[in-house]
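Note that this is a predicted model, so its numbers are computed, not measured. Reminder, nothing fancy here: chain letters follow the sequence lines and each chain counts from 1.
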Amino acid sequence: MKILVLVRRVIDPYVVVRLAPEGGDIVREQQPHTLNPFDEVALASAARLRREDAASELVALAIGPDRAADTLRTALAMGADRAIHLLTKAEASPTPIEIAAALRQIIDEEQPALVTMGKQGSEDDAHETAPLLAGFLGWSYLPDAQAMAMEAGGVRTSFDLNGAIVRAFAPLPCVVSCDLQLAAAGPIGLAQVMQARRKPLSSRPFSDLCIEPRPGPKRIALSQPPAHPPCRLVADAGELVAALQAEGVLP
Amino acid sequence: MTVLVIAETEGNLLLETTARLVAAARRIDSGVHVLVIDDEAQSLSDAARRLAGVDRVLSVPCRTPDLLPADTIAALLPRPEAGYAVYLGADGGRGRQVVPLLAASLGLAPLTGVSAIAEDHHFERPVHAGALIERLGYDAPVRLLTVRTAAFSPVGPAAPCPIETLAPAALDSRITLTRAAAEPRNRPELESARIVVAGGRGLGSRDNFDRLGELADRLDAALGASRVAVDMGWAENSAQIGQTGRQIAPELYIAIGISGAPQHLAGIREARRVVAINRDAEAPIFRHADYGLVADVAQVLPQLLQLLAAKT
């Protein structure tokens with residue numbers, strides 16, 4: 001059973017982002033980037049299945065400019081057998097629907113039975129790529145997995161729905177998106193990094209897939225939210241309760 | 001041009017999320033229909049028809065509405081030919097899955113996580129855990145949206161509109177869903193509570209977190225947690241407030257022992273009043289609070305409990 005994992009390169013979530021002077025994006029130059037933490041969880045979870053021989057091959061895929069290869073090398077060090085890099089030009093970032101269309105073509109070639117990725121990207125929190133892909137493929141979509149196990153020719157997951165835990169089961173093939181609670185990625189040792197260098201990483205231009213650009217949401221502007229007014233510091237619990245009652249927020 | 005809203009329900013409850021969705025829908029267009037997956041008694045549909053601004057409720061019969069998979073829901077939604085130019089769902093909840101699945105079947109790009117709808121039909125959403133706001137245009141023959149419902153105030157009640165009953169839901173998905181027996185919820189829900197009390201690392205122990213529960217009970221508040229408190233095992237996953245957890249819009253949010261990482265702040269953007277109690281005067285949360293108390297949480301908690309005991 002082959003697993004395909006989508007990995008995305010994002011700005012390190014702990015960086016304090018700044019607007020680029022020309023507008024339209026954040027400053028990315030010389031800022032640390034990393035593997036999308038949600039994809040990292042999906043990868044760790046898939047790597048565990050691979051180690052346990054529940055899967056025969058784990059392929060990692062990244063779509064992006066040259067630097068996206070960094071996340072693929074991390075993926076190989078974390079246990080992927082092979083990596084595929086769909087190379088884009090730096091300025092033209094494909095949208096989720098275009099990524100889903102591209103993945104669909106790769107899936108035709110690779111024939112995985114399970115496709116997994118993080119439930120959202122840490123930059124825009126969009127949770128579109130996984131369900132769009134599942135919809136295009138006609139595969140079952142298991143969202144926001146907090147637990148995942150292979151059983152009886154399918155995948156069992158649990159996820160949160162409006163505060164309640166729902167358990168889902170779907171036969172293979174399916175698309176599973178992963179939540180942070182699913183797995184913790186262990187530290188990567190030097191041996192794994194060295195081993196990763198010998199694993200295949202193939203690269204091809206994204207444009208080779210001839211994905212038609214589609215109309216859809218387009219960024220017009222990026223701006224800072226209004227600053228929060230300064231906080232009123234109170235001296236003790238008594239003053240706090242009195243102030244909140246005076247405002248009518250506390251009975 | 002009519003907006004089709006996908007209702008959020010649980011058991012026999014039409015969640016307040018639905019009233020917030022209707023508010024968002026009204027900002028887009030004047031024609032609003034709400035689709036409800038309902039049982040024979042149609043009590044959920046009856047609640048939906050009494051929301052202000054709803055012109056029609058589309059009721060889909062299903063023996064177990066809570067267990068209907070998202071792909072089935074996406075497949076049964078009336079298509080644009082029926083007169084719908086906008087589909088709207090909740091960014092949390094079922095809409096989160098249903099809207100993109102519908103988008104795929106229509107071959108159209110969705111827009112998720114909207115937090116504001118501007119007059120000129122531009123949309124806004126927070127990015128980079130709320131550090132920045134993205135403004136987007138969305139020119140498409142059909143627009144498929146999920147919204148962060150915390151950012152929209154729920155509509156109030158109104159005279160009931162008609163219910164149209166659609167064909168029963170087909171039970172042909174390959175996905176099977178089950179739920180654990182619902183535990184009785186003795187506290188308000190995070191998304192609809194007027195007051196939310198939440199605890200983080202600064203509480204120091206599970207015992208202190210439980211005492212926070214006492215405070216929540218005194219205030220008839222919902223109880224939430226930071227990511228750290230959940231990781232420490234003091235609270236369930238479902239209590240986590242933040243970028244990847246619950247996003248709330250209470251009148252009053254009291255953050256105790258929470259430092260205020262961006263990923264947490266992303267969950268409380270819509271809180272009207274924020275109170276921060278933390279031992280560390282430099283904690284980022286104070287820059288996003290209305291009232292701050294720099295103090296040892298272990299001392300303040302009993303003081304608050306004492307002050308509030310006198311009131312109830």
Would you say that B:Val99 contacts A:Glu128 through its side chain, given a criterion of any heavy-atom pair below 4.5 Å between the two side chains? no
Among A:Asp144, A:Asp125, A:Asp179, find the residue that satisfies the salt bridge (Lys or Arg N to Asp or Glu O under 4.0 Å) test when tested with B:Arg96. A:Asp144
Is the count of non-hydrogen atoms from other residues, nucleotides or ligands lying under 6.0 Å from A:Arg219 atom CZ greater than 12? yes
Taking the side chain as C-beta and beyond, is there a heavy-atom pair between B:His128 and A:Glu123 under 4.5 Å? yes
Could you check if a side-chain atom of B:Glu191 sits within less than 4.5 angstrom of a side-chain atom of A:Asn162, using non-hydrogen atoms only? no
Where B:Val300 and A:Ala237 come nearest, the two heavy atoms and their spacing: CG1-CB, 4.3 Å
Are B:Ile277 and A:Leu240 side-chain neighbours, meaning at least one heavy-atom pair lies under 4.5 Å? yes
Using a 3.5 Å distance criterion without hydrogens, assess whether the side chain of A:Lys218 forms a donor-acceptor pair with backbone atoms of B:Asp139. no
When every non-hydrogen atom of B:Gln97 is compared with those of A:Phe159, the smallest separation belongs to NE2-CE1, 3.6 Å
Residues of residues 140-148 of chain B contacting chain A, heavy-atom criterion under 4.5 Å, by residue number: B:Thr146, B:Arg148
Would you say that B:Arg94 contacts A:Leu161 through its side chain, given a criterion of any heavy-atom pair below 4.5 Å between the two side chains? yes
Anything under 3.5 Å between a donor and an acceptor, one on a side chain of residues 287-295 of chain B, the other on a protein residue two or more places apart or in another chain? List them.
from     : atom 1 : to       : atom 2 : distance (Å)
B:Asp290 : OD2    : B:Val274 : N      : 2.7
B:Tyr291 : OH     : A:Glu247 : OE2    : 2.6

Mind running side-chain contact (heavy atoms from CB on, under 4.5 Å) on A:Val17 and B:Leu132 for me, showing each step along the way? CA-CA 8 Å; A:Val17 293; B:Leu132 296 171; 4.0 Å; yes
Could you tell me whether A:Gln31 atom CD has more than 12 heavy atoms of other residues or ligands within 6.0 Å of it? yes
Find the one option among A:Pro229, A:Gly163, A:Ala170 whose heavy-atom pairs under 4.5 Å with chain B are most numerous. A:Gly163
On a heavy-atom basis, the closest approach of A:Pro225 and B:Ala131 is CD-O, 3.1 Å
Check salt bridge (charged side-chain N to carboxylate O under 4.0 Å, His left out) between B:Asp231 and all other residues, then give those that pass, not counting sequence neighbours. B:Arg227
Check whether B:Pro110 gets within reach of chain A through its side chain, its backbone, both or neither, counting any heavy atom under 4.5 Å. both
If you compare all heavy atoms of A:Leu132 against all heavy atoms of B:Pro100, which two are closest, and at what distance to 0.1 Å? CD2-O, 3.6 Å
Tell me, for A:Glu98 versus chain B, whether the close heavy atoms (under 4.5 Å) come from the side chain, the backbone, both or neither. neither
Given a strict heavy-atom distance threshold of 4.5 Å, which part of B:Glu10 is in contact with chain A: side chain, backbone, both, or neither? side chain
Report yes if the side chains of B:Ile195 and A:Leu250 come closer than 4.5 Å at any heavy-atom pair, otherwise no. yes
Nearest heavy atoms of B:Ala104 and A:Gly135, plus distance in Å: CB-CA, 3.7 Å
Using a cut-off of 6.0 Å, state whether more than 12 heavy atoms not belonging to A:Arg67 lie near its atom CZ. no
Do you know which of A:Val234, A:Asp124, A:Ile11 has the most heavy-atom pairs with chain B at a distance under 4.5 angstrom? A:Val234
Given B:Gln243, B:Glu236, B:Arg246, B:Glu251, the one with more heavy-atom pairs under 4.5 angstrom with chain A than any other is B:Gln243
My understanding is that only residues two or more places apart in sequence, or in another chain, count here; which of them pass side chain to side chain contact (heavy atoms under 4.5 Å, CB included) with B:Ala118? B:Asp120, B:His122, B:Arg135
Of all heavy-atom pairs between B:Phe286 and A:Cys231, which one has the smallest distance, and what is that distance? O-CB, 3.2 Å
Indicate yes or no: at least one non-hydrogen side-chain atom of B:Val275 is less than 4.5 angstrom from one of A:Leu244. yes
Considering only heavy atoms and a distance below 4.5 Å, find which of B:Arg174, B:Gln299, B:Glu8, B:Arg125 pairs most often with chain A. B:Arg174
Near A:Glu212 CD, under 6.0 Å, is it more than 12 heavy atoms from other residues, nucleotides or ligands? no
